[in-house]
Amino acid sequence: MIELKGKNGEAVQLESGASGFELLKKTGVQDPKGIVALKLNGKLQDLSRPIHEPGEFELIGIKSPEGEAILRHSTSHIMADAVKKLFPSAKVTIGPAIENGFYYDFEYPPGFSDQDLAGIEARMKEIIKGDHPFKRQELSRADALKLFQDKGESYKVELINGLPEGEPISTYQHGDFIDLCRGPHLPSTRYLKAYKLLHTAGAYWRGDERNPQLQRIYGTAFADQGDLDAYLKRLEEAKKRDHRKLGRELDLFSLHEEVGPGFVIYHPKLGLVRAVLEEFLKKEHLKRGYQIAYGPTLLKSELWKRSGHYDHYRQNMYFTQIDEDQYGIKPMNCLSHMLIYKNGLRSYRELPLRYFELGTVHRHEKSGVLAGLFRVRAFTQDDAHIICTPDQLQGEVLGVMSFVLEVMDLFGFPVEMELSTRPADSIGADQDWERAISALDTALKQSGFPYQVNEGEGAFYGPKIDIKLKDALDRKWQCATIQCDFTLPERFDLSYMGKDGEKHRPVMIHRVVLGSIERFLGILIEHFAGAFPTWLAPVQARILPIADRHHNYAGQVADRLLEKGVRVELDLRNEKLNYKIRQAESEKIPFMLVVGDQEEQEQSVSARIRGREDLGKMTLEQLEGRILAEARMPETKSKPTRREVP
RNA sequence: GCCGAUGUAGCUCAGUCGGUAGAGCAGCUGAUUCGUAAUCAGCAGGUCGUGGGUUCAACUCCCUCCGUCGGCUCCA
């Protein structure tokens, strides 16, 4: 007999070698069918596996994150089974659970189309009905190789050969379908109640574009139909908020085949939002001791060679010729800022110098990655380069982090942080990289924020902290980034006079807060579903007179608000109030101000707020107070920085 | 760039078996002067993404290219 302890301290006596099912019975859990696996001493395993060791156990419910992952992984096996039955020439590769679902990659040169999905789903249904248990088997490397070689599953053979010595090799079988797999899995196919295949896609074997392209099928599965429906509804909701759709409907921006892919045309409404956002950014940067700079779009290729961009970033750059010289169109804003710094002798007393530029950059992105405002070929960054002494580096990184957090907080976005280290294609000395990484790492630790490390994902000139925000639909977006750079100061021979009267090398931080204005606007559009907060709304109030005889008074109300800087529009069209309201609502205008006989007599308005009901009548003073409170540009809590003559 | 899908009026979408296009909304004109999500009537609007091919005849079938969408790789 062995003793197992549950999470809540309950002890269960079990015969050594008994299965998880027996353990399940002994715990007397309410809904045994809702338990899909077991965690034994921290390791997940199938319910069917025998238990030999005492220790701690945890029952994994189908609705828990781990349970859902198991459910989805098993669903991918069942789908692979169905695909092999319908398309016997398809070769299986890998099929993991992912966030919100799963996929399975097949080598199947004819490719699957979305029409095939219904057939595959139907076949899956039959397999599920068969109530086949998932059976685990461990086998020797030689047996495993033979098994999959005989089946002609060359990708599985490659995977087995890649497994480290000593790692147990296991297969899972349900019905007559066997797959190389670590597990664990559902007890049987019947546990799968709610699933849906979503779409097909191409994907490279092992994610490398030099490898053959496989056919991927994405799907998802949930514990019950309700959860699946809720998820599908969320996808629908996301579709409704798609900034490309709203961009058209709200007349915000457009992209044109005749202009070129990835080049955004701002319509006046989004132009206004952008202008307000940029004003906000300028204020916040000035407040924090940044100085505004501007550089040209074209710089001679010689300069890009010096910076390393020509050798390491050329495939993303555009070049052009002027007279005898080749010029590069800037993909980053740093070079001009380097030249500002170099324009004179610098003293340690001047540092840190923080150059801020709303700089428009052009990058040659692959055609397949372009998407609305999210991924474009020309975009404007709220970019800055901080040049400081090595001693100041840590503090500056922390300063940028708190800047980003304050701004994200103001918009109401939660954030996540990531640290990216040295990539394969990079420049600079090892020791500089180490110093830079440790500077960022220390700053992160000091901030107390949890973070994840992405090995080899840094920029070619230095490591970076990426800050990702989460929007209203819980989707993550890369916006802010803080990059540490020792090599550009080296390449441009930047220096400053130290206290000791010697020349020293400064370090540099590249950083953006919102990142790309285009991307950030796209995120805002989706986050707010097009209903911008009043301070950003292109039109803040619209005045809706009931009949022609109220036009004069409507004009007076408009003038009064206009004088206070409110963005007001008059709807003097010969239409019924209902029509005007409907239109103002669909244009997401925050304040709708109805004026008729009563209002004119009382010198008031009847206000309606977007998405809500009638607020009732209010005097013009009340109205002004209310609108101005919402229309004022918000500010982060940081106090302005003093400036001294160095 | 690669895999798959897709492209008809400003927008959303019909268009059968191949016989050169239709609706709603938006627009314009007129009537209506109206109290919290669409007043009525009339008019106008399209080189069916591009170029080529098959055919007596192509929005429809085939090929090319371009754009877009979903992914892969990449990324702010």
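Lettering follows sequence order; numbering is per chain, from 1.
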Between [atom2] of [N] and [atom1] of [X], the distance in whole Å:
| X | N | atom1 | atom2 | answer |
| --- | --- | --- | --- | --- |
| A/Glu457 | B/rU73 | CD | C1' | 12 Å |
| A/Glu599 | B/rG35 | CD | C1' | 8 Å |
| A/Asp242 | B/rU68 | CG | C1' | 12 Å |
| A/Gln583 | B/rG35 | CD | C1' | 18 Å |
| A/Glu600 | B/rG35 | CD | P | 16 Å |
| A/Tyr103 | B/rG71 | OH | C1' | 11 Å |
| A/His551 | B/rU33 | NE2 | C1' | 9 Å |
| A/Phe460 | B/rA76 | CZ | P | 12 Å |

Can you tell me how far [atom1] in [N] sits from the matching atom in [M], rounded to whole Å?
| N | M | atom1 | value |
| --- | --- | --- | --- |
| B/rG19 | B/rA23 | C1' | 22 Å |
| B/rG53 | B/rG18 | C1' | 15 Å |
| B/rG24 | B/rA31 | P | 23 Å |
| B/rC40 | B/rC59 | C1' | 35 Å |
| B/rG15 | B/rG7 | P | 11 Å |
| B/rC25 | B/rG42 | P | 12 Å |
| B/rA57 | B/rC69 | P | 37 Å |
| B/rA44 | B/rU8 | P | 24 Å |

Parallel, tilted or perpendicular: which fits the ring planes of A/Phe528 and A/Phe532, with parallel below 30° and perpendicular above 60°?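 Geometry flag for A/Phe532 against A/Phe528: tilted rings.
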Has the side chain of [X] got a donor or acceptor atom sitting under 3.5 Å from an opposite partner on the base of [N]?
| X | N | value |
| --- | --- | --- |
| A/Tyr204 | B/rG71 | no |
| A/Arg363 | B/rC74 | no |
| A/Glu365 | B/rA76 | yes |
| A/Arg511 | B/rA76 | no |
| A/Asp548 | B/rU33 | yes |
| A/Arg375 | B/rC74 | yes |

Reading nucleotides 3-14 of chain B 5' to 3', which nucleotides get B (base under 4.0 Å from a protein heavy atom), which S (sugar-phosphate only), which -? BS------SS--
Taking the nucleotide of RNA chain B with the closest heavy atom to each, which residue, A/Pro261 or A/Ser516, is nearer the 5' end?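 Upstream on the strand: A/Pro261.
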Most 5' of A/Lys366 and A/His256 on RNA chain B, judged by nearest nucleotide: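 Closest to the 5' end, via its nearest nucleotide, is A/Lys366.
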So, does [X] get its side chain near the phosphate of [N], meaning an N or O under 4.0 Å from OP1 or OP2?
| X | N | answer |
| --- | --- | --- |
| A/Thr481 | B/rA76 | no |
| A/Arg582 | B/rU36 | no |
| A/Arg610 | B/rU36 | no |
| A/Arg608 | B/rA37 | yes |
| A/Asn578 | B/rU36 | no |

Does RNA chain B take part in any stems of at least 3 consecutive Watson-Crick or G-U pairs (both distances under 3.5 Å), and if so, which ones?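 Stems found: B:1-7 with B:66-72, B:10-13 with B:22-25, B:27-31 with B:39-43, B:51-53 with B:61-63.
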Under 3.5 Å, which donor-acceptor pairs link side chains of residues 86-94 of chain A to any protein atom two or more places apart or in another chain?
from    : atom 1 : to       : atom 2 : distance (Å)
A/Lys91 : NZ     : A/Ser154 : OG     : 2.9
A/Thr93 : OG1    : A/Asp105 : O      : 2.6

Base, sugar-phosphate, or nothing for [X], non-hydrogen atoms under 4.0 angstrom?
| X | answer |
| --- | --- |
| A/Ile517 | nothing |
| A/Gln598 | base |
| A/Asp383 | nothing |
| A/Ser586 | nothing |
| A/Val512 | nothing |
| A/Tyr579 | sugar-phosphate |
| A/Lys464 | sugar-phosphate |
| A/Val361 | nothing |

Answer yes when [X] and [Y] have at least one side-chain N-carboxylate O distance shorter than 4.0 Å, and no when they do not.
| X | Y | result |
| --- | --- | --- |
| A/Arg422 | A/Glu457 | no |
| A/Asp466 | A/Lys468 | no |
| A/Asp597 | A/Arg549 | yes |

Within 45° cone of [Y] ring axis and under 6.0 Å: [X] NZ or CZ:
| X | Y | result |
| --- | --- | --- |
| A/Arg210 | A/Tyr204 | no |
| A/Arg72 | A/Phe222 | yes |
| A/Arg314 | A/Tyr310 | yes |
| A/Arg542 | A/Phe591 | no |

Which of these nucleotides, [options], is closest to any side-chain atom of [X]?
| X | options | answer |
| --- | --- | --- |
| A/Arg216 | B/rG71, B/rG1, B/rU39 | B/rG71 |
| A/Leu577 | B/rG35, B/rU73, B/rA76 | B/rG35 |
| A/Glu585 | B/rU33, B/rG70, B/rA37 | B/rA37 |

Let me know which of A/Phe520, A/Trp477, A/Phe413 forms a ring-ring contact (aromatic ring centres under 6.0 Å, His included) with A/His527. A/Phe413
How about A/Tyr318 and A/His364: are their ring centroids closer than 6.0 Å?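 Ring centroids of A/Tyr318 and A/His364 are less than 6.0 Å from each other.
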By centroid distance (under 5.5 Å) and plane angle (under 30°), are A/Tyr218 and B/rG71 in a stacked arrangement?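 No; centroid distance or tilt outside limits.
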